[in-house]
Amino acid sequence: METKLLRGEQERDLQEAARLLRAGETVAFPTETVYGLGANALDADAARKIYAAKGRPSDNPLIVHIYDRAQLEMLTDQISETAEKLMDAFWPGPLTIIFHRRPGAVPDCVTGGLDTVAVRMPNHPVALRLLRMADLPIAAPSANLSGKPSPTAVSHVEHDLSGRIAAIVSGGSCAVGVESTVLDVSGNAPVILRPGGITREQLEAVTSEPVIYATPHGSTVETPRAPGMKYTHYAPEAPVYICTGTPEEIAEKIDHRLEVHKGRAGVMLSRQTLRLLQNADENLVVNLGSRDDLKQIACNLFAALRYFDDSDVEAIYTEDFPAEHIGVALMNRLDKAAGSKKI
Ligand code: AMP
Ligand code: MG
């Protein structure tokens with residue numbers, strides 16, 4: 001299949017992307033979190049093309065993207081007061097809400113057969129314009145091959161999916177750079193199934209009741225409630241190791257590892273920790289940003305993981321960050337990339 005490259009700032013290109021979506025094809029497009037791979041959420045055949053292109057396990061449900069609250073009525077007939085408040089506060093934005101699914105509203109393959117449906121309104125002008133033109137709820141997981149780091153630039157999508165999907169809409173780099181927070185409000189207390197772009201503290205400021213994590217901070221223990229969380233995620237080709245301790249201890253450990261690997265190791269670290277390294281080869285170093293700005297570090301993480309796939313490093317070393325606020329999402333992704341390997 002030839003994959004068309006369409007420009008998100010061109011009206012005519014967006015019209016073509018909308019036409020393809022309406023014709024049951026798959027189209028990747030930018031959002032503020034990561035690039036998504038979209039297809040008509042009401043059409044089982046279209047949604048199945050997403051799983052095929054990504055190599056995604058069929059029991060890992062998709063997030064349905066909408067541009068307008070009126071579209072939500074199609075998907076669910078149960079909108080709680082808490083959900084209303086959260087949508088008012090965070091939509092459009094990086095919050096996915098799990099609702100009871102309106103019977104028969106979306107095909108089973110979109111929800112992995114669950115009686116709930118995950119919905120989000122993305123905060124990106126190109127995504128919103130495209131969703132409005134297509135005028136359909138669009139199922140869209142991250143636009144990467146299953147198991148690879150999520151794409152935060154159009155080049156990442158091309159690398160993984162060229163030849164496998166109908167089109168890619170360009171739209172610059174993603175401003176948030178980690179996926180949405182997935183929040184289940186279908187039970188009693190709101191539960192974070194996946195930490196993401198909106199923090200627990202931000203949610204609690206709106207719900208005025210405690211919001212709980214389905215799994216402990218940074219843990220990769222699986223929750224059956226977010227089926228996708230059990231699969232390998234964010235894995236670059238080389239193994240990733242998270243170094244713990246003070247910045248000085250981390251730098252010492254990494255300097256030692258660099259000697260052992262005779263330079264064939266990559267490091268991705270905060271600016272502060274990088275400064276303490278003695279042995280690093282500039283070409284195999286990624287500066288993730290300041291430790292004082294975990295948002296920036298989270299935003300740079302996926303591109304950093306992909307950077308090393310173009311080199312022949314044997315291992316990638318990184319550091320532990322505080323699992324607080326956006327750091328919870330950051331450490332969740334990093335832990336999965338590392339398969340929890342710590343030194
Ligand atoms: P992705 O779109 O690749 O970022 O992954 C979507 C995430 O949302 C996965 O972790 C899914 O398991 C989760 N998800 C989607 N739909 C549901 C649902 N109905 N209930 C619980 N989790 C869901
Ligand atoms: Mg994904």
Side-chain angles (χ1 to χ4, degrees), residues 26 28-39 41 47 50-66 72 75-76 78 83 94-103 105-122 127 137-152 156-157 160-161 165 174 176-187 190-198 213-215 220-236 298 301-302 305-306 329 332-333 335-337:
T26 47
F29 61 91
T31 82
E32 81 281 26
T33 57
V34 303
Y35 275 72
L37 177 60
I50 293 177
Y51 289 94
K54 284 181 56 94
R56 184 177 175 103
S58 61
D59 65 346
N60 186 5
L62 308 176
I63 296 172
V64 178
H65 291 65
I66 60 176
L72 190 57
L75 306 170
T76 183
Q78 292 180 44
L95 177 67
T96 294
I97 302 179
I98 308 289
F99 295 96
H100 284 284
R101 161 160 73 141
R102 191 187 270 280
V106 280
D108 275 350
C109 71
V110 170
T111 65
L114 298 171
D115 57 4
T116 52
V117 58
V119 188
R120 177 166 109 83
M121 189 186 292
I138 297 293
S142 49
N144 53 282
L145 287 175
S146 208
K148 290 278 135 201
S150 297
T152 52
H156 303 160
V157 184
D160 279 17
L161 298 179
I165 61 178
C174 302
V176 177
V178 282
E179 301 88 339
S180 59
T181 301
V182 177
L183 186 72
D184 189 349
V185 294
S186 68
V191 182
I192 296 176
L193 302 184
R194 173 177 76 182
I198 301 286
Y213 285 109
T215 54
T220 49
V221 176
E222 302 316 336
T223 158
R225 291 174 68 184
M229 301 297 278
K230 67 175 177 280
Y231 293 107
T232 309
H233 267 88
Y234 318 118
L301 177 67
F302 291 141
L305 289 168
R306 281 177 179 269
N332 171 274
R333 307 309 189 266
D335 249 350
K336 281 174 183 270

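Both counts, for ligands and for their atoms, begin at 1 and track the order of listing.
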Do [X] and [Y] have side chains that approach each other closer than 4.5 Å (heavy atoms only, starting at C-beta)?
{"X": "Leu145", "Y": "Leu161", "value": "yes"}
{"X": "Arg333", "Y": "Pro149", "value": "no"}
{"X": "Leu75", "Y": "Phe99", "value": "no"}
{"X": "Pro61", "Y": "Leu114", "value": "yes"}
{"X": "Val119", "Y": "Thr76", "value": "no"}

Distance-only, no hydrogens or angles: does the Thr181 side chain make a donor-acceptor pair with backbone N or O of Ile198 under 3.5 Å?
->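 Yes, the answer is positive, given that a donor and an acceptor are paired below the 3.5 Å cut-off.
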I want to know if ligand 1 touches [X] in the polar sense, i.e. an N/O pair below 3.5 angstrom.
{"X": "Lys54", "value": "no"}
{"X": "Glu179", "value": "no"}
{"X": "Asn60", "value": "yes"}

Under 4.0 Å to a heavy atom of [X] - the qualifying atoms of ligand 1, by number:
{"X": "Pro141", "answer": "2 (O), 3 (O)"}
{"X": "Leu114", "answer": "18 (C), 19 (N), 20 (N)"}
{"X": "Pro61", "answer": "11 (C), 12 (O), 14 (N), 15 (C), 16 (N), 17 (C), 23 (C)"}

Nearest neighbour of atom 18 (C) of ligand 1 from the list Asp115, Asp184, Ile98, on a heavy-atom basis =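 The residue whose heavy atom sits nearest atom 18 (C) of ligand 1 is Ile98.
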side-chain hydrogen bond (donor to acceptor under 3.5 Å, both in side chains) test vs Thr31 passes for just one of Glu179, His65, Arg120, namely Arg120
Among Asn144, Thr152, Asp160, the one residue meeting side-chain hydrogen bond (donor to acceptor under 3.5 Å, both in side chains) with Arg306 | Asp160
Atoms listed for the Mg ion (ligand 2) (protein only, N, O or S, under 2.8 Å, no waters) are Ser142 OG
May I ask whether Arg56 has any heavy atom positioned less than 4.0 angstrom from an atom of ligand 1?
-> yes
Proximity to ligand 1 by part of Thr116, non-hydrogen separation under 4.0 Å |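 Looking at Thr116 and ligand 1, atoms from backbone and side chain both fall under 4.0 Å.
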Please work out whether any backbone atom (N, CA, C, O) or any side-chain heavy atom from C-beta onward of Arg194 is under 4.0 Å from ligand 1, and answer side chain, backbone, both or neither.
->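 The part of Arg194 near ligand 1 is the side chain, not the backbone.
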Which atom names give the shortest non-hydrogen contact between Pro107 and Ala41, and what distance separates them?
-> CD-O, 3.0 Å
Residue set satisfying side chain to side chain contact (heavy atoms under 4.5 Å, CB included) with Tyr51, at least two apart, ordered chain then number -> Arg56, Leu62
Spacing of CG belonging to Leu72 relative to CD1 belonging to Ile66, to within rounding of 0.5 Å =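 One gets 5.0 Å once the value is rounded to the nearest 0.5 Å.
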